[in-house]
Amino acid sequence: MSLALDPAAQDLLFREARTANTFTDEPVTEEQVQAIYDLVKFGPTAFNQSPLRVVLVRSPEARERLVTHMAEGNRPKTAAAPLVAILAADNEFHEELPALLPHFPQAKDMFFSERPAREAAAGLNAALQAAYFIVGVRAAGLAAGPMTGFDFAGIQKEFLDDDHTPLMVVNIGKPGEDAWFPRSPRLSYDEVITTV
Ligand SMILES: Cc1cc2nc3c(=O)[nH]c(=O)nc-3n(C[C@H](O)[C@H](O)[C@H](O)COP(=O)(O)O)c2cc1C
C-alpha cells in the first residue's frame, strides 16, 4: 500500500527476481540492451558524472578469453550465458563532465583535477550505476548473474586499459533449469534502519 509501483513490477524487480546461475539458450538482443541502458542511464550519480562503462562480450573468441580470467566456480555459467557484460568505472570521466553538467562545467577542474579523487568518485558512482543496470536487466524480463569472482588485473589488461577499473562481470539471459539456490535471508528493517 505504501509503494507507488504496482505489485507485479515490485515482484519483477525485487521479490521474485533472483541471481541466475543457469540460462536458457535464448539470445539477448542488442535492442534489449539498448532498452535497458536507455532506462537505467537516468539513475542518479554525483555531479551527473555517469562513470559506468560496459563491454558486451559477444564473440566466442572474446568469451573464451574472459572465461580464463573467471574464478573456477564462475567459469561454466560465464561460458554458457547468452550474454556477458563487463562493467567498469571510467577514471577519466571528468572529460565528459562539462557536457554532462552544462550548468556547472567548472566542476571538472574544481573537484576532479586529481586522479585519486576521480578514482574514488568513479568507483562509488559506477557501482551505483551497476546496481541500476542489474535492476534494468530485471525490468527487461531477464535475469542477471553479477560476479566479482575474477582476476581483476587480468580482465583490466585483456579488455580495458589503465583508465578503466573493472567492477563486476554480469551474466544475462532467461533463467534456465535449477537457476538458483534457495533464497537466503535478508536483514530485517530493525537490524538495518535506525532513526535519530
Ligand atoms: C557484486 C556481486 C558480486 C557477486 N559475485 C559472485 C560470484 O563471483 N560468484 C557467484 O556465484 N555469485 C556472485 N554473486 C551473487 C550473489 O551471491 C547473489 O546475488 C546473492 O546471494 C543474492 O542472491 P538472490 O538474488 O538469488 O537472492 C555476486 C553478487 C553481486 C551483487
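Ligands are counted one by one from 1 in listed order, and the atoms in each one are counted from 1 as well. The first residue in the sequence is number 1, and the count goes up from there.
For residues 95-126, every residue pair satisfying the ring pair (Phe, Tyr, Trp, His ring centres under 6.0 Å) rule, not counting sequence neighbours, is listed here: Phe47-Phe111, Phe47-Phe112, Phe93-Phe112.
Note: the hydrophobic cluster containing Val170 also contains Val33 (ILVMFWY, side chain heavy atoms under 4.5 Å, direct or indirect links).
Within 4.0 Å of atom 10 (C) of ligand 1, at least one protein heavy atom is present. There is no protein heavy atom less than 4.0 angstrom from atom 17 (O) of ligand 1. Distances from atom 21 (O) of ligand 1 to the protein include no heavy-atom value under 4.0 Å.
Here the rule is side chain to side chain contact (heavy atoms under 4.5 Å, CB included) with Glu92, and of Glu119, His164, Arg115 only Arg115 fits it.
The heavy atom nearest to atom 6 (C) of ligand 1, out of those in Pro146, Gly149, Ala17, is found in Pro146.
Residue contact check: Lys77 has heavy atoms under 4.0 Å from atoms 10 (C), 11 (O) of ligand 1. Residue Asn74 approaches ligand 1 through these ligand atoms, each under 4.0 Å from one of its heavy atoms: 7 (C), 8 (O), 9 (N), 10 (C), 11 (O).
For atom 26 (O) of ligand 1, the nearest protein heavy atom (residue, atom name, distance) is Arg18 NE, 2.8 Å. Of the protein's heavy atoms, Thr148 OG1, 3.3 Å lies nearest to atom 3 (C) of ligand 1. Among protein heavy atoms, atom 27 (O) of ligand 1 sits closest to Arg183 NH1, 2.6 Å. Given atom 19 (O) of ligand 1, the protein heavy atom at minimum distance is Thr19 OG1, 2.6 Å.
In this structure, Asp90 contributes its side chain and Leu52 its backbone to no donor-acceptor pair below 3.5 Å. No donor-acceptor pair under 3.5 Å is formed between the side chain of Asn74 and the backbone N or O of Met70. Not a single donor-acceptor pair under 3.5 Å links the side chain of Arg53 to the backbone N or O of Leu160.
Taking only nitrogen or oxygen atoms, main chain and side chain alike, Asn21 does not reach within less than 3.5 Å of ligand 1.
Neither the backbone nor the side chain of Met70 has any atom closer than 4.0 Å to an atom of ligand 1 (non-hydrogen atoms only).
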>> Show, in sequence, the C-alpha distance, side-chain angles and deciding distance for Arg118 and Glu114, and conclude whether the salt bridge (Lys or Arg N to Asp or Glu O under 4.0 Å) test is met.
In response: CA-CA 7 Å; Arg118 293 201 295 276; Glu114 305 287 338; over 6 Å; no
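Under the rule for a side-chain hydrogen bond (donor to acceptor under 3.5 Å, both in side chains), Glu16 has no partner lying at least two apart in sequence or in another chain.
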